[in-house]
Amino acid sequence: MPPLSLADLNPALLNVEYAVRGELAIKAEEYRERLQRPNHGLPFTRVIGANIGNPQAKGLDQKPITFSRQVAALTEYPPLLETGKALFPPDVIARAKELIHEIGSVGAYSHSQGVPLVRKHVAEFIQARDGYPSDPSNIFLTAGASEGVSLLINMLISTPNAGILIPIPQYPLYTATLAQHAGVPVPYLLDETSGWSTAPDDVERAVEKAIAEGTRPRALVVINPGNPTGSVLDEPTMRRLVQLAEKHALVLLADEVYQDNLHHRAAQPFISFKQVVAAAQSRVPLVSFHSISKGVSGECGRRGGYFETVNISAEVRALIYKMRSVTLCPPLGGQVGVDCLVRPPRAGDASYALWREETEAIHAALRERTRVMAARLNQLEGVSCVDSPGALYLFPRIRLTAKACAAARAAGKEPDAFYALAMLDDTGICTVPGSGFGQRDGEQHYRLTCLCEGVDEYVGALETFHRAFMAKYRD
């Protein structure tokens, strides 16, 4: 019997690329293992995982929100409600009892759409946020937002020429999912010179170009706040995008997982597409996504999220439910995390003061690190960096010399990947090259998170590397 080979597998999978966990991340893991050896011979003492928005990762160590973890502990081991009652505030105990009464054991399957009580609380959160009704029957809980995104894109690829409009730069989940399901990516470029803004006229041109080339656009992906850019959409732009989706019969896929990661909340607030669609009384089909992995919770490993469907017919929702039921249910621990996300402690609750202290500290630290890092990156030769108003990242542009680009080509690498690999080799800082997110032809970028403490040491190492790299490859 011949061995299993790549030729025996689904050929679409060979086209899947996911730069966030790609070549650099694999090499970084190899370095982590090597650092455990007494004589490792590396020029650094730790690997900094700046490649992924994983706040609680070892080495970044953002502390979990106490309230969420206490509720999780009690739902995981209910006997603590009695044996450890002195350890937990009364609002935590009340929340855990309410969830246990509804769920039973978190080791059992739940409703495939998610625990009804949690979906009810998600709907209440959305209604309070937007000022418009939300129906729990339109809420689907998921194992992180990515699972919902993949499901919806899969469902929308109905023909070989079906296309999905995606921003460039974009989170690689979208191109990877489109490759997996043999969909056509239809890129629209964001404008770096105006803070990575979205221009509806450019989106319109992308639609018209795709149609002229024989692609049938089915959906418009908008990431707000942006990943990797951190840009925050204003309401007039959002209204125009809704009108464009109506005009071209597009489903609007709103990736809103960074909605609570705002560095200038008063000047650049988050506005949901649900609010814009409802205010306009639009009939555009909308699916919006949220997650416990970002914001201040950072509970990436617990895999919790949801999506809300708006203006989606009952028969389509029934098909979504059927597809969700194939995987039986989302993780119960993630569903408990979603409940804590959408229903945090309120003023007067025993846990409120600590919750507020913890969340404000996380927001302040991220805001300050983003500001300092952007300012210092902008002082480097050949580097320009938008000071992101949202999300967890910076996406600096690097203007590499012809000599550096030639060395990259000789090594079989994209220039920004060549730069990022050299940075990892010299400093242990793992980033993601801009070529993994998409960018204008001839440009180079990289994405790095703003999650690492010790900005002086972290950015200092990056600055030292950059100066040496530019000197080495000076034309």
Side-chain angles (χ1 to χ4, degrees), residues 6 9-23 25 51-54 140-190 203 206-207 210 215-224 226-229 245 250-258 273 285-291 293-294 300 303-309 312 316 319-320 322-324 326-327 330 334 391 393 432-439 447:
L6 291 178
L9 305 181
N10 181 345
L13 301 183
L14 302 180
N15 297 320
V16 173
E17 294 185 7
Y18 187 64
V20 172
R21 291 287 181 104
E23 179 184 13
N51 60 307
I52 190 167
N54 189 18
F140 291 80
L141 302 185
T142 55
S146 299
E147 183 182 58
V149 168
S150 182
L151 170 64
L152 267 295
I153 288 179
N154 183 18
M155 294 180 68
L156 288 164
I157 304 301
S158 56
T159 60
N161 67 336
I164 307 291
L165 286 133
I166 57 172
I168 296 297
Q170 52 90 40
Y171 180 46
L173 166 67
Y174 293 96
T175 46
T177 304
L178 284 167
Q180 180 180 353
H181 300 298
V184 181
V186 180
Y188 64 92
L189 294 170
L190 305 182
V203 181
V207 173
T215 297
R216 181 190 174 201
R218 298 299 316 282
L220 168 62
V221 171
V222 183
I223 308 174
N224 181 41
N227 177 9
T229 65
L250 300 172
V251 178
L252 189 53
L253 301 178
D255 182 338
E256 299 175 339
V257 302
Y258 296 99
F273 269 100
L286 167 68
V287 184
S288 53
F289 305 89
H290 198 11
S291 169
S293 298
K294 312 306 177 186
C300 300
R303 308 312 299 139
Y306 71 81
F307 63 84
E308 181 189 27
T309 62
I312 302 291
V316 172
L319 181 57
I320 293 173
K322 181 171 73 172
M323 296 304 298
R324 294 295 299 122
V326 170
T327 57
Y393 317 103
V432 188
S435 48
F437 297 90
Q439 54 198 346
R447 189 191 78 168

Hey, could you give me the [atom1]/[atom2] distance between [X] and [Y], rounded to the nearest 0.5 Å?
X: Leu173; Y: Leu178; atom1: CG; atom2: CG; value: 9.0 Å
X: Phe289; Y: Glu308; atom1: CZ; atom2: CD; value: 11.5 Å
X: Arg218; Y: Asn161; atom1: CZ; atom2: CG; value: 9.5 Å
X: Arg447; Y: Asn51; atom1: CZ; atom2: CG; value: 7.5 Å
X: Ile166; Y: Asp255; atom1: CD1; atom2: CG; value: 12.0 Å

Aromatic rings Tyr393 and Tyr258: how do their planes relate, parallel, tilted or perpendicular, breaks at 30° and 60°?
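Correct class here is perpendicular.
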Flag side-chain contact, heavy atom, 4.5 Å: [X] against [Y]:
X: Pro330; Y: Arg303; value: no
X: Gln439; Y: Pro169; value: no
X: Thr142; Y: Phe307; value: yes
X: Thr229; Y: Leu190; value: yes
X: Leu252; Y: Val287; value: no
X: Tyr188; Y: Pro167; value: yes
X: Pro228; Y: Phe437; value: yes

Would you check, one step at a time, whether the test side chain to side chain contact (heavy atoms under 4.5 Å, CB included) holds for Ile164 with Ile157?
CA-CA 8 Å; Ile164 307 291; Ile157 304 301; 4.0 Å; yes
Ignoring hydrogens, what is the shortest heavy-atom contact between [X] and [Y]? Give both atom names and the distance.
X: Leu250; Y: Ala219; result: CD2-N, 3.8 Å
X: Leu151; Y: Met323; result: CD1-CB, 3.6 Å
X: Pro187; Y: Ala206; result: O-CB, 3.5 Å
X: Pro285; Y: Ile312; result: CB-CD1, 3.6 Å
X: Gly436; Y: Gln170; result: O-NE2, 4.2 Å
X: Val257; Y: Lys294; result: O-CB, 3.5 Å

Criterion side chain to side chain contact (heavy atoms under 4.5 Å, CB included) on Leu165 and Val207, from CA distance to verdict
CA-CA 8 Å; Leu165 286 133; Val207 173; 3.6 Å; yes
From Val221, Val149, Ile223, Leu286, residue fulfilling side-chain contact (heavy atoms from CB on, under 4.5 Å) relative to Leu253:
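When Val221, Val149, Ile223, Leu286 are each tested with Leu253, the side-chain contact (heavy atoms from CB on, under 4.5 Å) holds only for Val221.
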Check this for me: does any side-chain nitrogen of one of Glu147 and Arg324 sit under 4.0 Å from a carboxylate oxygen of the other?
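A salt bridge links Glu147 with Arg324.
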Can you see whether Arg216 engages Thr159 through a side-chain donor-acceptor pair at a distance of less than 3.5 angstrom?
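No donor-acceptor contact under 3.5 Å links the two side chains.
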Can you check whether Phe273's main-chain N or O pairs, donor with acceptor, with Glu256's side chain at less than 3.5 Å?
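At least one qualifying donor-acceptor pair exists.
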